[in-house]
Number of protein chains: 2
Amino acid sequence: MDRRQQKTRAAIFQAFGSLLAEQCYSHITVQEIIDRANVGRTTFYAHFETKDELLKALCENLFGHIISSAKDCTHTHGLYSAGSAPESIFCHLLQHLQENDNNVLGLLSCESSEIFLRYFKDSLSDLIQSQFIIQNRHTNRDLPDDFLVNHISGSFVEMVLWWIKGRMKQTPEELDRYFRSVIEPIL
Amino acid sequence: MDRRQQKTRAAIFQAFGSLLAEQCYSHITVQEIIDRANVGRTTFYAHFETKDELLKALCENLFGHIISSAKDCTHTHGLYSAGSAPESIFCHLLQHLQENDNNVLGLLSCESSEIFLRYFKDSLSDLIQSQFIIQNRHTNRDLPDDFLVNHISGSFVEMVLWWIKGRMKQTPEELDRYFRSVIEPIL
DNA sequence: TTAATAGTGAACATATTGTTCTCTTTTATT
DNA sequence: AATAAAAGAGAACAATATGTTCACTATTAA
């Protein structure tokens with residue numbers, strides 16, 4: 001509603017994000033956050049009940065954007081356009097990550113990256129699930145749908161973690177090729 | 001050295017384990033641990049510098065056992081015996097988990113399971129890495145070795161997480177079949 | 001039996017959390 | 001431009017958690 005609220009919220013998000021790039025989530029204190037955000041203690045607690053809530057809000061904000069943008073792109077391209085690699089939804093996601101809007105990479109490469117990847121995977125699972133159902137692409141009758149969904153989203157997230165820990169030497173396109181190589185054979 | 005030390009250590013491990021089955025890691029206090037372990041505050045800090053160190057020690061202890069037992073079994077069976085499913089190293093691991101020695105399942109199904117699975121994955125990666133190198137099984141020339149190792153260990157861990165969250169309705173053998181279905185095609 | 005080792009429990013300084021209060025600033029609206 | 005409503009600042013607070021120190025007791029290995 002108020003412009004100030006959004007500004008304050010953004011300041012807290014940014015301060016929190018930059019702190020996460022420096023140290024482990026669990027060691028960050030509310031005091032550090034409000035100091036860096038130049039925000040009063042009262043204000044912080046008016047916006048977020050706890051540090052965990054802040055984390056949750058940040059993740060929803062961040063991955064919400066990325067996933068919904070991927071969802072839009074899926075409408076035109078499908079979950080996995082068999083022909084040309086660059087159009088796949090996964091390549092799209094990787095490119096998005098590399099662009100590093102809102103310092104997503106900072107979060108995903110910090111000591112507490114698992115927390116974020118967990119949120120990322122949950123969002124991703126929803127996306128893949130819905131695409132599976134919409135497209136009826138699951139020709140594999142031997143494996144349960146939810147196992148496959150979990151396998152795909154899980155593998156993707158693990159790959160991203162591997163990519164970032166290895167200092168992102170591969171391009172999104174290369175990585176997409178890797179991923180297609182291990183996922184397409186089972187679809 | 002001292003029998004008492006081992007006893008105390010075991011008591012702390014057990015208390016910590018049972019607490020983890022009840023609540024999130026970050027919300028467990030040292031006070032709760034020492035109360036349940038019937039151990040003095042000083043004693044706790046004589047054994048472990050911080051709660052994080054305790055966690056680390058517990059994981060090393062736990063997964064060390066499981067992995068080294070799997071390593072032994074690999075010597076006779078190989079990473080992936082193509083013929084009969086039940087002998088695969090992964091099935092062996094899953095059976096081990098289901099037997100629930102030292103309440104591994106409690107840890108893996110608690111709110112903070114990601115932390116443990118991360119340790120699990122690291123141990124697993126070492127195992128798979130070494131088996132890959134020893135057996136020279138990587139016929140896939142298009143994908144880097146470390147990507148494959150990460151994909152396999154990552155997928156396995158994600159599967160275990162999925163299994164446990166779904167209340168472990170599948171048997172280790174079924175799960176092993178699922179896993180073979182998504183991994184063997186890419187080897 | 002005894003010296004060394006391990007554990008107890010209380011007390012402590014320090015740090016963090018989340019709340020409450022009063023006061024100031026900004027915004028939306030007229 | 002004036003003003004009421006909303007939002008933030010900042011100090012103070014109780015409650016809780018951490019990690020250390022101390023003097024004392026119990027156990028073990030020899």
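Atom set for the values below is all heavy atoms of this structure, side chains included, hydrogens, waters and symmetry mates excluded. Throughout, a chain's letter reflects where its sequence line sits, starting with A, and its residues are numbered from 1.
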message: Determine whether a donor-acceptor pair (N or O, by modelled atom type, separation under 3.5 Å) exists between the side chain of Tyr119(B) and the backbone of Leu55(B).
response: no
- request: Give the C-alpha distance, both sets of side-chain angles, the deciding distance and a yes or no for salt bridge (charged side-chain N to carboxylate O under 4.0 Å, His left out) between Arg118(A) and Glu158(B).
  value: CA-CA 11 Å; Arg118(A) 217 36 58 187; Glu158(B) 295 287 346; 3.2 Å; yes
- request: Would you check if the side chain of Ser181(B) reaches a backbone N or O of Arg177(B) as a donor-acceptor pair within less than 3.5 Å?
  value: yes
message: Just the rounded figure in Å: distance from P of dT18(D) to CD of Glu32(B).
response: 9 Å
statement: Numerically ordered, the residues 33-42 of chain B set in heavy-atom contact under 4.0 Å with DNA chain C is Asn38(B), Val39(B), Gly40(B), Thr42(B)
Length of the CD-P vector between Gln31(B) and dA10(C), whole Å: 11 Å
Stacked cation flag Lys121(B) on Phe116(B), 6.0 angstrom / 45 deg: no
message: Does the plane of the ring in Phe44(B) sit parallel, tilted or perpendicular to the ring in Phe48(B)? Use 30° and 60° as the thresholds.
response: tilted
field: Whichever of Arg9(A) and Val30(B) has its nearest DNA chain D nucleotide further upstream toward 5'
entry: Arg9(A)
- request: Mind calculating the distance between OH (Tyr45(B)) and P (dC22(D)) to the nearest angstrom?
  value: 18 Å
message: Measure NE2/His27(B) against C1'/dA17(D) and give the value in whole Å, please.
response: 13 Å
- line: Arg3(B) atom CZ is separated from dA30(D) atom P, nearest whole Å, by 11 Å
- prompt: Taking atom types as modelled, is there a side-chain donor on Gln14(A) or Arg36(A) under 3.5 Å from an acceptor on the other?
  reply: no
message: Any donor-acceptor pair under 3.5 Å linking the side-chain atoms of His96(A) with those of Ser69(A)?
response: yes
query: Among residues 46-60 of chain B, which residues get a heavy atom nearer than 4.0 Å to DNA chain C?
result: His47(B)
- request: For the pair Phe63(A) and Phe120(A), name the ring-plane relationship: parallel under 30°, tilted 30 to 60°, perpendicular over 60°.
  value: parallel
- prompt: Atom CG of Asp2(A) and atom P of dA9(D): how far apart are they, to the nearest Å?
  reply: 12 Å
message: Working note: Lys51(B) + Glu32(B), criterion salt bridge (charged side-chain N to carboxylate O under 4.0 Å, His left out); need CA distance, chi angles, decisive distance, verdict.
response: CA-CA 12 Å; Lys51(B) 208 177 65 179; Glu32(B) 287 175 301; over 6 Å; no
statement: Whole-Å distance, Gln6(A) CD to dA6(D) P, equals 17 Å
task: Rounded off to whole Å, could you give me the CD1-to-C1' distance for the Ile12(B) and dT8(C) pair?
output: 13 Å
message: Just to be sure I understand the rule, does Thr43(B) reach a base, reach only the sugar-phosphate, or reach nothing, if contact means heavy atoms closer than 4.0 Å?
response: base
